[in-house]
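A quick write-up on the structure given underneath.
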There are 2 protein chains.
Amino acid sequence: MARSTASYALTGKRAVSDEVRARVRQAALELGYTPNAGARALATSRSNVIGLLAQFLPDEFAPAMLQYLQGVTDTARDLGYDILLSSDSDGPGALKRITDSRMVDGVVLLNVAEDDDRLPVLRAAAQPGALVGLPRDCTGVDVFDLDFEEAGRAMVEHLARLGHRELILVSQPEHVVERGGAYVWRLQNAAVQAAAAKGVVLHTVFGAATQPDIGRDLHALLDAHPGATGLLLNNEAAAAALPTVLRSRDIESPADLSVIGRYSDEFARTFSLPYSSIESAPDRLGRMAVRQLVRRIENQVPDGDPYVVRFVHPELVDRGSTAAPTSASRQ
Amino acid sequence: MARSTASYALTGKRAVSDEVRARVRQAALELGYTPNAGARALATSRSNVIGLLAQFLPDEFAPAMLQYLQGVTDTARDLGYDILLSSDSDGPGALKRITDSRMVDGVVLLNVAEDDDRLPVLRAAAQPGALVGLPRDCTGVDVFDLDFEEAGRAMVEHLARLGHRELILVSQPEHVVERGGAYVWRLQNAAVQAAAAKGVVLHTVFGAATQPDIGRDLHALLDAHPGATGLLLNNEAAAAALPTVLRSRDIESPADLSVIGRYSDEFARTFSLPYSSIESAPDRLGRMAVRQLVRRIENQVPDGDPYVVRFVHPELVDRGSTAAPTSASRQ
DNA sequence: CTGAAAGCGCTTACAG
DNA sequence: CTGAAAGCGCTTACAG
């Protein structure tokens with residue numbers, strides 16, 4: 001029997017008689033045969049590996065990152081791909097290396113900044129790329145992100161509907177914005193607009209990303225705005241710190257203060273957070289990015305199919321931390 | 001010029017005249033040449049990739065896992081290796097696939113259980129493996145783990161030295177033990193022995209891994225043992241939940257209760273934990289595993305070098321949560 | 001339905 | 001110090 005026949009019998013890329021196929025499979029099983037990945041990659045120009053470019057930032061909370069990883073690795077495996085993980089601080093360099101060497105068939109970029117310096121490298125690469133996070137310029141890549149504008153609107157409108165008239169929005173620290181985290185602005189601007197439209201007073205502030213600073217920030221805010229009856233958190237550290245702050249001030253939620261955060265359900269569980277939140281869906285974003293990337297790799301996208309920019313609709317997970325303001329609120 | 005000369009000029013595996021080397025490098029730079037990874041792997045039988053077999057368990061806390069990942073990826077990169085990440089729930093299957101196909105030159109196993117079902121596959125593989133976590137049988141692999149026995153002793157002896165006579169040890173939940181987390185026993189048994197030796201009463205219990213159960217567990221324990229003046233936590237969920245429990249009971253640490261945990265500094269920061277702890281050093285363990293693995297891969301271990309089982313010495317990070325018991329303690 | 005051959009892009013003995 | 005060739009282990013047109 002020819003090598004080629006054996007190959008066809010195993011890959012199924014050509015019809016093979018039942019008898020031959022059975023014999024080949026039997027032999028493969030007995031010998032424990034597994035194709036050599038390097039040789040196959042060389043012959044097919046396909047590695048069946050997806051590059052995952054993450055950055056483990058010190059002020060980023062681990063649960064969200066792990067959920068991205070989980071969504072990406074699980075989906076890739078389901079679709080027949082392995083994951084090459086890079087957390088190199090030199091993102092562009094790492095990206096160039098793994099694409100130029102053809103180690104990967106495509107690439108998922110996590111934590112994409114507004115002017116991400118990995119994007120020029122990605123556009124110059126031969127492989128397709130999918131992003132989690134919205135850059136200024138989306139040409140040539142598929143983009144997935146939470147709809148932060150809708151999230152900002154939804155938070156404000158939810159509380160306005162309940163009758164709140166003065167709210168506080170705590171955003172991520174300014175240095176997150178400075179390194180390109182435009183989602184902070186996207187949420188905040190939309191919240192400000194929605195507040196204006198509803199005639200609601202909205203105080204906005206950048207909070208710290210770590211304890212004990214964020215605790216102090218929260219205390220100062222509550223001191224400064226005694227009339228505020230609702231708190232919006234686009235800052236995971238603030239959400240994690242809030243239970244302690246409220247307890248020490250003897251503030252009950254939602255009786256005295258309505259609270260809405262923006263984080264994943266997994267995050268809420270990790271920190272036992274009792275606050276309703278806009279689900280940030282990291283696992284879902286990772287899953288969507290890989291799905292689309294694989295479609296590109298395998299040319300399942302209709303020719304000339306335009307690149308997509310897809311926003312995940314923010315779902316409000318109700319944990320009972322919002323209610324109509326009472327006359328007793330925050331006095 | 002021959003292809004071979006260009007290859008030698010780039011890899012430096014053979015002497016090449018200065019002039020030729022310069023020309024080759026120049027050309028490579030201009031053309032943006034990067035060797036094809038698959039072809040190189042086929043020719044050298046080396047992929048320069050390390051497989052990382054993690055499992056994202058639902059009751060595992062994300063910060064520790066991320067620190068392992070960070071230690072492993074950073075060290076691998078420093079040594080010239082990329083990381084193939086698998087979080088496949090079918091660990092043995094994934095391991096067999098990536099080793100048989102020669103995608104990886106070696107493998108790091110995280111979260112190794114006492115009778116880990118990945119170990120037979122690893123021993124049958126052609127590539128070396130390094131473990132984080134201590135299995136019953138260490139033959140044929142390099143093993144790295146925290147010295148949990150010393151950790152158990154150190155916790156008890158530290159508090160005994162301060163004059164405590166009745167302690168509580170909260171371990172991980174029983175199902176962690178059941179899936180092979182023998183470190184729970186290792187710490188607990190050593191703690192029990194040390195307590196006996198010092199004439200200290202030690203109550204041991206398995207705590208839940210999630211809120212609100214673990215909070216209830218802690219309340220019940222403090223109710224059941226009103227004479228206990230020290231709390232030892234080999235359970236990250238318990239550590240995260242403790243501040244709330246103590247506050248609601250108006251217990252101050254260390255004035256009313258001394259507390260020592262076992263978790264990483266990063267974990268302490270994530271949850272703003274004020275308790276002294278035995279550092280579990282996940283990043284360091286990841287780093288050690290990769291270092292030794294690369295030495296094996298590159299045959300830098302003296303021939304016949306025995307496999308190592310190395311325990312990281314537990315360091316007590318003092319956050320001021322232990323003190324001598326006062327007459328006022330816990331009454 | 002099957003075989004014989006070429007070729008993927010490197011590295012590395014073998015010659016000189 | 002350099003060249004010409006073989007070979008790594010697959011896949012896939014090309015023939016039949």
Side-chain angles (χ1 to χ4, degrees), chain A residues 1-49 80-82 84 96-106 125-127 297-299, chain B residues 1-49 80-82 84 96-106 125-127 297-299:
Chain A
M1 185 189 325
R3 287 220 312 274
S4 49
T5 303
S7 175
Y8 288 122
L10 292 174
T11 63
K13 293 195 181 174
R14 186 166 88 171
V16 167
S17 72
D18 289 355
E19 189 241 324
V20 170
R21 189 175 334 112
R23 270 203 297 147
V24 170
R25 285 198 180 155
Q26 181 59 28
L29 214 64
E30 278 169 19
L31 303 171
Y33 171 80
T34 308
N36 179 293
R40 174 173 275 180
L42 184 57
T44 60
S45 351
R46 279 287 190 75
S47 63
N48 277 346
V49 173
Y81 288 79
D82 279 298
L84 195 82
K96 181 158 173 48
R97 202 169 43 74
I98 66 174
T99 50
D100 282 357
S101 67
R102 307 286 168 149
M103 297 182 88
V104 298
D105 297 337
Q127 298 96 329
I297 291 170
E298 301 181 350
N299 283 316
Chain B
M1 186 190 322
R3 287 219 314 271
S4 51
T5 304
S7 176
Y8 288 121
L10 259 17
T11 64
K13 293 197 180 171
R14 186 166 89 171
V16 168
S17 72
D18 288 355
E19 191 241 323
V20 169
R21 189 177 331 114
R23 272 204 296 149
V24 170
R25 284 195 179 161
Q26 180 60 26
L29 214 65
E30 279 170 18
L31 302 172
Y33 172 80
T34 307
N36 180 293
R40 172 172 276 180
L42 184 56
T44 61
S45 345
R46 279 286 190 77
S47 63
N48 276 354
V49 173
Y81 288 79
D82 279 298
L84 195 82
K96 181 157 173 49
R97 202 170 43 73
I98 67 174
T99 50
D100 282 356
S101 66
R102 307 285 169 151
M103 296 183 88
V104 298
D105 298 336
Q127 299 95 328
I297 291 171
E298 301 181 350
N299 284 316

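Note on naming: letters A, B, ... go to the chains in the order of the sequence lines (proteins, then strands), and numbering restarts at 1 for each one. No experiment lies behind these values; they were computed from the predicted model shown.
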Where B:G38 and B:N36 come nearest, the two heavy atoms and their spacing: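 Reported closest heavy-atom pair: N-OD1, 2.9 Å.
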Nearest-angstrom distance from the residue atom [atom1] of [X] to [atom2] of [N]:
X	N	atom1	atom2	value
B:R40	D:dC8	CZ	C1'	14 Å
A:R46	C:dC8	CZ	P	18 Å
A:R23	C:dT2	CZ	C1'	12 Å
A:D100	C:dG9	CG	P	14 Å
B:M103	D:dC10	CE	C1'	14 Å
B:D105	D:dC8	CG	P	19 Å
A:R102	D:dC10	CZ	C1'	18 Å

side-chain contact (heavy atoms from CB on, under 4.5 Å) between B:Q127 and B:R102, worked out: CA-CA 9 Å; B:Q127 299 95 328; B:R102 307 285 169 151; 4.1 Å; yes
Worked verdict on A:D100 versus B:Y33 for side-chain contact (heavy atoms from CB on, under 4.5 Å): CA-CA 8 Å; A:D100 282 357; B:Y33 172 80; over 6 Å; no
C:dA4: pairing nucleotide in any strand, Watson-Crick or G-U under 3.5 angstrom: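 Result: none.
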Nucleotide forming a Watson-Crick or wobble pair with D:dA13, both distances under 3.5 Å: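 None - no nucleotide pairs with D:dA13, as no candidate has both distances under 3.5 Å.
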Residues from residues 27-39 of chain A lying under 4.0 Å of DNA chain C - heavy atoms: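 Within residues 27-39 of chain A, no residue comes under 4.0 Å of DNA chain C.
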A:I297 backbone acceptor or donor facing A:R46 side chain under 3.5 Å: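 Checking the backbone N and O of A:I297 against the side chain of A:R46, a donor-acceptor pair under 3.5 Å is found.
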Backbone of B:S47 reached by a side-chain donor or acceptor of B:D105 within 3.5 Å: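 Looks like yes, one N/O pair under 3.5 Å.
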N/O (side chain, B:S45) to phosphate O (OP1/OP2, D:dC8) under 4.0 Å: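 Answer is no, no contact under 4.0 Å.
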Worked check of side-chain contact (heavy atoms from CB on, under 4.5 Å) between B:V104 and B:T99: CA-CA 6 Å; B:V104 298; B:T99 50; 4.3 Å; yes
Comparing B:L42 and B:T5 on DNA chain D - which has the more 5′ nearest nucleotide: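 Here B:T5 is the residue nearer the 5' end.
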Derivation and outcome, side-chain contact (heavy atoms from CB on, under 4.5 Å), residues A:M103 and B:V49: CA-CA 10 Å; A:M103 297 182 88; B:V49 173; 3.6 Å; yes
A:T44 side chain, from C-beta outward: closest of D:dT2, D:dC8, D:dT11: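 Among the listed nucleotides, the one closest to the side chain of A:T44 is D:dT11.
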